[in-house]
Amino acid sequence: MVGRDDMSRDGDQEYQLGPADALIATVATPSRSGTNEVIIALEHVPAVSNAAVPGFGDFGLYFDQRKRKLAEQAEQRAAIAPKHDQIFAGVVFHINGYTQPSHYELKLLLVERGGRFLHYLSKTQVTHIIASGLTMSKEKEFRNYKVVRPEWVVDSVRARKLLSWQRYSIFNGSYAEFAARLPLAIDDVHEWGDINGEPSAGNILENSKSEGYSRPPPAPTGNSFAATSSRRQAPVPPNTIVVDRFNEGLNRSWVRKNLVTDKGFISRYYASSRLHHMSVWKAEMKDYVAQLNQRRGTHSSAKDAKPGPAMGYSRTIMHVDFDCFFVSASLLSHPQLVDRPVAVCHMQQQELADDGGHGAIEHPGGTGQIASCNYLARSFGVKNGMFMAQASQLCPSLATVPYEFDTYKRVSKTFYDIVTEIADETQAVSIDEALLDVTHVVHQQYQGSAEALAQHIRRRVLESTQCTVSVGIGPNILLARIATAKAKPDGVRSLNIEQLLAMGLHTRDLPGIGHTVEESLSSQGIKRVADIRAASMGLLQSICGEKTAATLHSFSRGVDNRPLEPDKPRKVFGVEIGWGVRLSNQHEADDFVTRLVEEVCRSMEAAKRIGGAVTLKIKKRQEGQGKPGKFLGHGICDSLSKSAMLPGMTGDSAKIAHVCAKLLLQMNVDPLDIRAVGIQVHKLASSKLHADVGNMLAKPRVGQGEGLKQCSNLLPELPSASQLDLSVLNELPESIRQELQAAYQQINPKIDLGLSSRKPASISPEVRPQPSKIGVAKRPISDGINATRGRSRKLVFPTARPKDVAEKASLIDAFRKIETLDSIMPSQMDSDVWRHLPLSIRRELAREYVKTSASKPVAAASGKEANVGATTSAAKGNGPANVVVSGPILFGKHEVADVRALIKAWVDSSELGPYEEDVAEVGDYVEALVKHRNLLKAEDALKYLKFCIDGEHSAWADALAVVLDRANVICMAMYSSSFGL
Ligand SMILES: Nc1ccn([C@H]2C[C@H](O)[C@@H](COP(=O)(O)OP(=O)(O)OP(=O)(O)O)O2)c(=O)n1
Ligand SMILES: [Mg+2]
Ligand SMILES: [Mg+2]
């Protein structure tokens, strides 16, 4: 193996066949079949005698001899073989790097048809370079040459004419793109990444292909490479050439099927990776349960009922877990095996590293780990997680069945459908297990008999899934979990503290106690739970730290005060591959990232989510870390991470991939150094809701004009919460309001649209005014000041518009991006001129306009594109009965939500800090509110300003201080008190 790498750097000549290839080298005897097919029969080359291989020490000599011999043979054969069409006459070729078909096969095909082979690259003589992939430096070096993929040779031979080389140029994109362009007729030649590796009849490479795949070689270990490489090479997607470049001792035929540049790598990875599924499922199930709870409202009703000690009875917790889950579910399609000892593990055709590079590589029949085994198998001593080799010794009659991930997911969802419907509260623990708080339901519907409820759940699950679950019951999570272990298989068990104390459990029987803690405790003579009880806290802390010691102390006494963690909707969708990632160039890197994004988008689509931001994570090989410790694992790496907002809320993989490609460029990583790639999409929202809102706005209704349709286009994405007119939202149907609330909370849990109260403009928790220090009676916002006071007279709101038009217009207003300045465009301005004015001038004019128009009773909206709903409709004559709004206003706004939107727009408008005049305006406004005794509004504005500028440039903090000061001065004067933010 060592020598291979040496040889690959043999001057210009990259000859990369392994030393043992000599033992398997084959000779093709082309002949024409009657069916227009060229068939190559393979036979053994007369072996190069071992004497010519000086103990594998001198590979240079060995290879020279070997090459010479093979070339001679090829020429001899060409001379004696039936004449082929000399389609390659005039072609002088050199072969670069590892190819598939092999150098030798290619040479035969070419030389026998008139081509001339150059051992060493002479750029003046050579007409074509044949390569499956190029290193970056070679890519540069060969840029102006005709570098063709080997398929050019194969296809030309098949077509019996020289095909144009251009379409086979290696510079024509990735292999995937190349393969996609190939005509169907020759697809069978390129089915090289097929995971099953079934040879296809009539394939020009039939023999080598079938042999390469029929029996995947064992896992590479140590220096076993020479042995494994003695197999004939199976065809691979030609650009997956990493073996020699990275010299990692890979089992090539296995690896080549899995490398990332292979089109199907990612989907196969995810289709076969057990651990991937285990981790993703947990998130998926938590999300699923959260959605079920949301839909059913079970969660809130349970909370409302306030079960538990307050109602005079203690908590009842159930732990429900499927018995040998994977086996039970897999056996649904193998009913003939139900009475036999059975294990689920990788089958031959499923062989693939399933651990993301973190553990053993699985291979059929040998080292595969058992994911789950049934109880009959367990009676032989077989256990989950045991390797097949050991298991089949313990239980020779052990049958194995393959993973059926889709079935597991389906069964699991059915299970969660049932338990969430029944329980007061559900916490998804994993694909096959849930914690339930059933306190209330047991007492309300089962006369306090938790066992009866448990049997009911078991029956329901069995009926619906044909799989059994066991149920543990206890007054807390700990006892319920321990009870489950005793209930298994197919049973129910209750446990109270006294019973636990009498059980004589081992430390490892406590949930969450891993092997390390168990060992540490054992080394101090603490082997049983009773020993933990007897040990001092000090001793426990010295063994396993403060936190674990406290847990152990409680658990050993049966005490566990942990509440159930109600499942929350997913906050992020992501994938990460840290195994098998070897990329040759930027193009491949982009391609890989794109495919990962597609994977994420698939799961987002399934969960009906879209996202607002993306994070790209890269593990970059550390300087000098050429050889990862594990096969194709990521080795020692630096982690890089970069995030960006997406262009609006989206689930579109092309858009997301585009952003990721930019992030990747910004990271400035050499693609050769990339060892792991992760994509996470966050700031999620419901795609259904998004579409609903879009539809709602796009749907033309009676009385709706062009203008409204156009406005709906202003809403490509869900607007930020601060831009919503809450009073409008509160008029929406309950279901939509709830969905909106949920959607916004997914973006930021702190956002409270205050919809449930049906009051306009509620205030989010972080800015909700606390009972003011000033003991002034609260005054509803609408309970305004004398209508004639203040500068508000200029603002008009139409109230007499036809109801649906008003509703739609308000909706649009609600969702439309509020453009602060434009909304107060002076009426005499031409909108085009206005838009082209510098921002500073527009501000100036707007301020002027607001001041001068404040005294006018009706806004002078001109019918131009002023885009405040109020002025627009007034201009159109839809609002004959104008209402004059009372109280202080800020840039024409007075509703809390509007003022907030203004404040937000203001703070968002400049990172450098505010204009002094604007600070003065806001100061005026808050001061006026205080003077008008509208302390709630004043406090809201101040708190919201504080909320918006949190973490902003210090100039903003100064601005807040100024505004606050001004408000406080008045406040002190009027109430001898001040606002405390
Ligand atoms: N390291 C692990 C742990 C679990 N699983 C899978 C296979 C199991 O079937 C399923 C559920 O895990 P359990 O621990 O609940 O085990 P079982 O359901 O198989 O058996 P039991 O009856 O003991 O619950 O998760 C896995 O593949 N690898
Ligand atoms: Mg289980
Ligand atoms: Mg389980």
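Atoms within a ligand are numbered from 1 in the order they appear, just like the ligands themselves. Numbers for residues simply follow the sequence, beginning at 1.
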Considering only heavy atoms of Asp323, which atoms of ligand 1 have at least one such atom less than 4.0 Å away? 22 (O)
Counting each atom of ligand 1 from 1 as listed, which ones have a heavy atom of Asp321 under 4.0 Å away? 15 (O), 24 (O)
Which atoms of ligand 1 sit under 4.0 Å from any heavy atom of Cys324? 17 (P), 18 (O), 19 (O), 20 (O), 21 (P), 22 (O)
Only heavy atoms of Phe325, strictly under 4.0 Å: list the atoms of ligand 1 that pass. 9 (O), 17 (P), 18 (O), 19 (O)
If you apply the rule salt bridge (Lys or Arg N to Asp or Glu O under 4.0 Å), what do you find for Arg602 with Glu599, and how did you get there? CA-CA 5 Å; Arg602 261 193 292 280; Glu599 184 69 30; 3.0 Å; yes
Lys383: heavy atom below 4.0 Å from ligand 1, yes or no? no
With heavy-atom distances below 4.0 Å as the criterion, list the atoms of ligand 1 near Ser372. 7 (C), 8 (C), 9 (O), 19 (O)
For ligand 1, note which part of Gln369 has a heavy atom under 4.0 Å away: side chain, backbone, both or neither. neither
Considering the heavy atoms of Phe322, write down every atom of ligand 1 situated less than 4.0 Å from one of them. 18 (O), 21 (P), 22 (O), 24 (O)
Identify which of Tyr403, Phe326, Tyr375 has a heavy atom lying nearest to atom 10 (C) of ligand 1. Phe326
Below a 4.0 angstrom heavy-atom separation, can you tell me which part of Asn384, side chain or backbone, both or neither, approaches ligand 1? side chain
If you have a sec, read the angle at the Mg ion (ligand 2) from Asp321 atom OD1 over to Phe322 atom O, to 10 degrees. 70°
Please walk me through it: do His506 and Glu518 pass side-chain contact (heavy atoms from CB on, under 4.5 Å)? CA-CA 9 Å; His506 285 90; Glu518 186 198 344; over 6 Å; no
With respect to Val677, which candidate in Ile577, Val575, Ile618 satisfies the side chain to side chain contact (heavy atoms under 4.5 Å, CB included) definition? Ile618
Could you check whether the rings of Phe405 and Phe326 sit parallel, tilted or perpendicular, using 30° and 60° as the cut-offs? perpendicular
Among Ser379, Ser397, Cys373, which one satisfies side chain to side chain contact (heavy atoms under 4.5 Å, CB included) with Pro341? Ser397
Test item: side-chain donor near acceptor, Asp432 and Tyr408, under 3.5 Å: no
Check this for me, if you would: do Lys409 and Glu284 make a salt bridge, where the nitrogen-to-carboxylate-oxygen distance has to be below 4.0 angstrom? yes
Checking heavy-atom distances from atom 20 (O) of ligand 1 to each of Lys488, Arg378, Glu433, the winner is Arg378
Atom of Glu433 closest to the Mg ion (ligand 3), considering N, O or S atoms: OE1
Have Asp321 and Ser470 got a donor and an acceptor in their side chains that come within less than 3.5 Å? no
As a test of reading the structure, name the N/O/S atom of Asp432 that is nearest the Mg ion (ligand 3). OD1
Run the salt bridge (Lys or Arg N to Asp or Glu O under 4.0 Å) test on Glu433 and Arg481 for me, step by step, so that the C-alpha distance in whole Å, both residues' side-chain angles and the decisive distance to 0.1 Å come before the verdict. CA-CA 10 Å; Glu433 123 192 37; Arg481 293 192 84 132; 2.9 Å; yes
